[in-house]
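Single-structure report; data block below.
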Number of protein chains: 2
Amino acid sequence: MKDKIKKSAIKLFYKKGYFATSMSTIARATGIRKSSIYHHYSTKEDILLDIFRTSMNDLQDALRTRLDAATGARERMQAAIYCHIIFHIERQKEAIIADSELRGLTARNYKEIIQMRDDYEKKIQRVLEEGVAEGIFVDLDIKVISYAILAMCTAVCTWFNKSGRLSKEEVADIFSVFILKGLARS
Amino acid sequence: MKDKIKKSAIKLFYKKGYFATSMSTIARATGIRKSSIYHHYSTKEDILLDIFRTSMNDLQDALRTRLDAATGARERMQAAIYCHIIFHIERQKEAIIADSELRGLTARNYKEIIQMRDDYEKKIQRVLEEGVAEGIFVDLDIKVISYAILAMCTAVCTWFNKSGRLSKEEVADIFSVFILKGLARS
DNA sequence: GTCTATAGATGGATAGAC
DNA sequence: GTCTATCCATCTATAGAC
């Protein structure tokens with residue numbers, strides 16, 4: 001049941017936003033009364049936090065697996081781009097929530113999630129550093145370029161259309177070629 | 001007074017988000033009672049719409065001016081990148097609102113703003129097409145690449161720090177070099 | 001573990017005096 | 001053009017029965 005509540009919440013937070021979604025609406029979508037939700041979650045924010053944690057953890061795990069399987073900065077950067085984009089398309093709803101509902105978290109929870117996001121960014125930055133050290137990437141501003149890469153790859157969750165012209169792999173390919181070309185020492 | 005209300009609203013929508021900001025809070029920040037706001041704006045959404053219109057219009061105007069002054073796809077793309085980034089840093093609060101509060105608009109207003117955004121995107125796509133036609137940009141997926149460029153340049157409003165390491169012009173430079181390298185026919 | 005009922009606060013918006 | 005006062009809906013969350 002906790003999982004059913006979470007799934008309803010994901011759909012609603014995605015569609016209407018966190019603040020515009022009420023506990024009654026979540027309850028109705030789940031097929032229970034709103035008071036019953038409080039048996040599983042102590043506050044509305046708790047539901048949001050659960051969604052954040054799950055999706056951030058899964059993303060972290062996916063990146064770790066993909067990075068460990070790749071060797072060399074070029075291959076590892078490609079793996080990271082693929083991983084990030086595929087995740088943000090397959091888990092589109094959660095990705096959009098994670099990308100736009102940070103303000104729904106109060107200080108303590110906010111810090112926890114920001115910490116996870118920072119760790120993730122650092123992993124990408126490390127790959128960039130490796131590429132510069134290996135001499136295959138140009139000397140670049142690691143921080144700024146990592147924000148640029150993450151922003152453009154994250155944004156696919158806002159415009160990708162499952163019944164559109166391109167598959168998720170094709171999108172990942174286009175991004176990968178573009179980014180690696182921008183990074184390459186030419 | 002209308003302008004004072006708008007300025008308070010921009011600060012609050014930026015800081016707490018549209019749905020988490022109440023009319024009473026806006027009134028308090030402006031130094032009037034909440035009923036007085038309704039003399040200037042008929043609904044809360046009207047304030048948001050006003051903010052959207054102003055910032056979108058100013059961005060459009062800035063881009064038009066900058067593009068008209070540049071010749072050749074390379075120079076024009078550089079101008080577009082600069083213009084977009086500088087605007088999103090100088091008008092950081094409005095940029096963040098425009099980027100994250102679209103859900104606060106009901107159907108009619110939503111359509112109006114989406115139309116403006118589409119027009120803006122088309123201008124960027126036209127510059128990409130020019131570059132491909134001129135043979136200075138590699139043959140690429142215009143739509144996907146335009147989304148990538150806009151997403152990374154828009155995101156500066158979320159991480160740029162006015163008292164940080166880099167000036168807005170330095171950030172624009174880093175982006176410009178990275179993007180044009182990714183686009184170049186090499 | 002779900003229910004009914006309700007507390008208690010706050011939301012957007014309006015009426016009408018000045 | 002701003003004020004006081006208030007309407008009515010809705011919100012999160014809790015109490016206590018089953």
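All chains are named by letter (A, B, ...) in the order of the sequence lines, taking the proteins before the strands, and each is independently numbered beginning at 1.
For the pair A:L48 CG and D:dT12 P, the interatomic distance rounds to 13 Å; values are reported in whole Å. D:dC3 atom C1' lies 12 Å from atom NE2 of B:H40, rounded to whole Å. Here the P atom of nucleotide D:dG16 and the NE2 atom of A:H39 are 18 Å apart, to the nearest Å. In this structure, CD1 of A:I26 is placed 15 Å from P of C:dT2, rounded to the nearest angstrom. The nearest whole Å value for the distance from the OH atom in A:Y41 to the P atom in D:dT12 is 16 Å. When rounded to the nearest whole Å, the span between CZ of B:R33 and C1' of C:dT14 equals 17 Å. Per the geometry, CZ belonging to B:F19 stands 14 Å off C1' belonging to D:dC11, to the nearest Å.
Note on A:S36: every side-chain N or O is 4.0 Å or more away from OP1 and OP2 of C:dG1.
Listed by first and then second residue, the side chain to side chain donor-acceptor pair (under 3.5 Å) pairs involving residues 62-72 of chain B are B:D61-B:R64 (not counting sequence neighbours). Within the structure, no pair that satisfies the ring-ring contact (aromatic ring centres under 6.0 Å, His included) test touches residues 24-60 of chain B, not counting sequence neighbours. Contacts classified as ring-ring contact (aromatic ring centres under 6.0 Å, His included) and involving residues 93-134 of chain A (residues at least two apart or in different chains) are given here: A:H84-A:Y120. Sorted by first and then second residue, the ring-ring contact (aromatic ring centres under 6.0 Å, His included) pairs involving residues 151-181 of chain A (not counting sequence neighbours) are A:W159-B:Y147.
The distance from atom CD1 of A:I124 to atom CD1 of A:I142, rounded to the nearest 0.5 Å, is 12.0 Å.
An angle of 0°, rounded to 10°, separates the two end axes of the helix from C:dG1-D:dC18 to C:dC18-D:dG1, each defined over five pairs.
Using a 4.0 Å heavy-atom distance criterion, A:T30 is classed as making no nucleic acid contact. Contact annotation for B:S22: backbone-only contact, meaning every heavy-atom pair under 4.0 Å involves sugar-phosphate atoms and none involves a base. If you check every strand for non-hydrogen atoms under 4.0 Å, B:T25 touches nothing.
B:S100 pairs by the side chain to side chain donor-acceptor pair (under 3.5 Å) definition with nothing, not counting sequence neighbours. Evaluation of the side-chain contact (heavy atoms from CB on, under 4.5 Å) rule for B:R74 yields B:I136, B:L180 as partners, not counting sequence neighbours. The ring pair (Phe, Tyr, Trp, His ring centres under 6.0 Å) search around B:F13 returns B:Y18, not counting sequence neighbours. Annotation: side chain to side chain donor-acceptor pair (under 3.5 Å) contacts of B:Q60 (sequence neighbours excluded): B:K123. Legend: residues meeting side chain to side chain donor-acceptor pair (under 3.5 Å) with B:Y14, ordered by chain and number and at least two apart, are absent.
Between the side chains of B:T54 and B:K6, at least one donor N or O lies within less than 3.5 Å of an accepting N or O.
Proximity of residues 6-17 of chain A to DNA chain C (heavy atom under 4.0 angstrom from any strand atom) is not detected for any residue.
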What protein N or O atoms touch nucleotides 13-15 of chain D N or O atoms at under 3.5 angstrom, if any, and at what distances?
from   : atom 1 : to    : atom 2 : distance (Å)
D:dA13 : OP2    : A:Y38 : OH     : 3.4
D:dA13 : OP2    : A:K44 : N      : 3.0
D:dA13 : N6     : A:K34 : NZ     : 3.3

